[in-house]
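What follows is a single structure, written as structure tokens, with notes after it.
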There are 2 protein chains.
Amino acid sequence: MRPVQHIKLAVDAVVFGYQQQKLHVLLVQQKYGIMKGKWVLVGGFVKDEESLSDAVKRELAEEAGVKVDYMEQLYTFGDDVGRDPRFRVVSVAYFSIVNPKGFKLKADSDASDAQWFAIDELPDLGYDHKIILRAAQQRLSAKLSYQPIGFDLLPKEFAFSELEHLYSTLLDKTIDRRNFRKKILSFGFIEETGKMQAAATGRPAKLFRFNKQKYHQLVKDGFHFDVSLL
Amino acid sequence: MRPVQHIKLAVDAVVFGYQQQKLHVLLVQQKYGIMKGKWVLVGGFVKDEESLSDAVKRELAEEAGVKVDYMEQLYTFGDDVGRDPRFRVVSVAYFSIVNPKGFKLKADSDASDAQWFAIDELPDLGYDHKIILRAAQQRLSAKLSYQPIGFDLLPKEFAFSELEHLYSTLLDKTIDRRNFRKKILSFGFIEETGKMQAAATGRPAKLFRFNKQKYHQLVKDGFHFDVSLL
DNA sequence: ACAAAAGTGTTAATCTTACACCCATGT
DNA sequence: ACATGGGTGTAAGATTAACACTTTTGT
């Protein structure tokens, strides 16, 4: 009893990056079709024999030339029956984090044109992608407090002031520099590299790195990452 | 450019209830089809013009005669291309909580036969429903600590020992009775009913109720529910 | 009077918060 | 020498964790 059903299944990816002290999101401009000229999330229809996560990775590679470090399922948007004006599309949205310095975007492919946008300077988004993006932003803020994903947004070696700035910007909170540093260092998986940041001005900062192995070991031993409020 | 796609979209619901001091889950037995005789989660295909959440509610009503208080999207299972042996099915799983005393199950409809199963006495499940159920169980445990969903599992009026037993069973932790009571009462949204529990044996317990209004008010004022570990 | 479960308070230890001055570098 | 951002410690307050005896009821 194969059902008669005309719903199409798509995936969309919200990819976050951090640049110039600001959260950015990856968007592509549609060159053809009903949304011509509009900016939208990277995404597309799932192939019959392809897993959902493979579909996302394929679209990211095809449309933007991006390979992501960290990706997880965000939410499936399918309650608004008319979210795509052409026909019914249910979309599984993914949430991802990347260091933008890692690659060059496909800025002028045949079908699209990928670009980073600062989260506070977004263009008009097509479909319901603004809603998806907002959901992803909430997830990002929430995760920041209980998972060490902040480090995926920064370069491998970073100064404490950068980490601090990231947290205070994304969570929209003021942070006590001393308490923040104390807490983060007390975890035991942030280590000094021994290097210094070339300072534009002021005293040069020590550079640190996130030790993933140590972190995973600690988690196994029952550690819970928590940087709530501060 | 309508895509050529043969993926079917389904929904499945993991409905939890609490009975006889144990967590239960709602299952239906298939009477026909490839999974004949197997127990599975309540679920089915989404209709072309129906929202995902409406599809879940419809299936719950049709297959089990259940109306749920609390429901949220759990996860979309679509990475295993062969999870349904007939053809490709992607399923959006929902997570729900119910007080089983609220209704009589449709125990002998045409297509199915609904029943509660204690979580530690499960039958063999069809499809990948064991995996979906495990994911739901993890979500339940996690939520228990940071959202007041425990109260949805209990009767409207309950004794502290019941709440305590629920938490210690579902989180598999031992609880200090005094500290637990102190903490829960300190929230300010659990109130005495003035009634007493008819005790089988021992001193009768005071009955309490969860004041939803007060809880929502507190959340608005910045309150965060948290019953971690203890 | 005894068995069974409910109810209750105090203390030590830990974690969190608030807060201000000196340091290293470039101009 | 001054401007700029980096680095650091301590004390008060709040929260959590550990712990055992008395009360109420039914038999």
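In the text below, chain A, chain B and the rest are named by the order of the sequence lines, each starting its count at 1.
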Rounded to whole Å, how long is the line connecting atom [atom1] of [X] with atom [atom2] of [N]?
{"X": "A/F187", "N": "C/dT16", "atom1": "CZ", "atom2": "P", "result": "9 Å"}
{"X": "A/D226", "N": "C/dT17", "atom1": "CG", "atom2": "P", "result": "10 Å"}
{"X": "A/K173", "N": "C/dA18", "atom1": "NZ", "atom2": "C1'", "result": "17 Å"}
{"X": "B/E162", "N": "C/dG7", "atom1": "CD", "atom2": "P", "result": "11 Å"}
{"X": "B/D176", "N": "D/dT15", "atom1": "CG", "atom2": "P", "result": "18 Å"}
{"X": "B/F180", "N": "D/dA17", "atom1": "CZ", "atom2": "P", "result": "14 Å"}
{"X": "A/N179", "N": "D/dG7", "atom1": "CG", "atom2": "P", "result": "16 Å"}
{"X": "A/M196", "N": "D/dT4", "atom1": "CE", "atom2": "P", "result": "21 Å"}

What about the rings of [X] and [Y], do their centers lie closer together than 6.0 Å?
{"X": "A/Y18", "Y": "A/F16", "result": "no"}
{"X": "A/F223", "Y": "A/F189", "result": "yes"}
{"X": "A/F210", "Y": "A/F158", "result": "no"}

Closer than 4.0 Å, any side-chain N/O of A/R181 to the OP1 or OP2 of D/dT8?
yes
Is the closest basic N to carboxylate O distance between B/R181 and B/E164 below 4.0 Å?
no
Under 4.0 Å between a side-chain nitrogen and a carboxylate oxygen: does that hold for A/K22 and A/E121?
yes
Less than 3.5 Å between a donor and an acceptor, one on the side chain of B/R178 and one on the base of C/dG7, is that the case here?
no
A/K182 side chain: which of D/dT10, D/dC19, C/dC19 is closest?
D/dT10
B/Y70-B/E72 side chain donor-acceptor pair, cut-off 3.5 Å:
yes
Just by distance, with hydrogens left out, do B/S228 and B/S145 show a side-chain donor and acceptor under 3.5 Å apart?
no
Could you tell me the separation between the OH atom of B/Y94 and the CG atom of B/L52, rounded to the nearest 0.5 Å?
4.5 Å
Earlier contact from the 5' end, DNA chain D, for B/R177 and B/A200
B/R177
Strand-adjacent residues in residues 201-211 of chain B, judged by heavy atoms under 4.0 Å from DNA chain C:
B/T201, B/G202, B/R203, B/P204, B/A205, B/K206
Taking the six-membered ring for Trp, are A/F225 and A/F187 parallel (under 30°), tilted (30 to 60°) or perpendicular (over 60°)?
tilted
Quantified as the angle between the terminal helix axes (five pairs each), what is the overall bend of the helix from C/dA1-D/dT27 to C/dT27-D/dA1 to 10 degrees?
10°
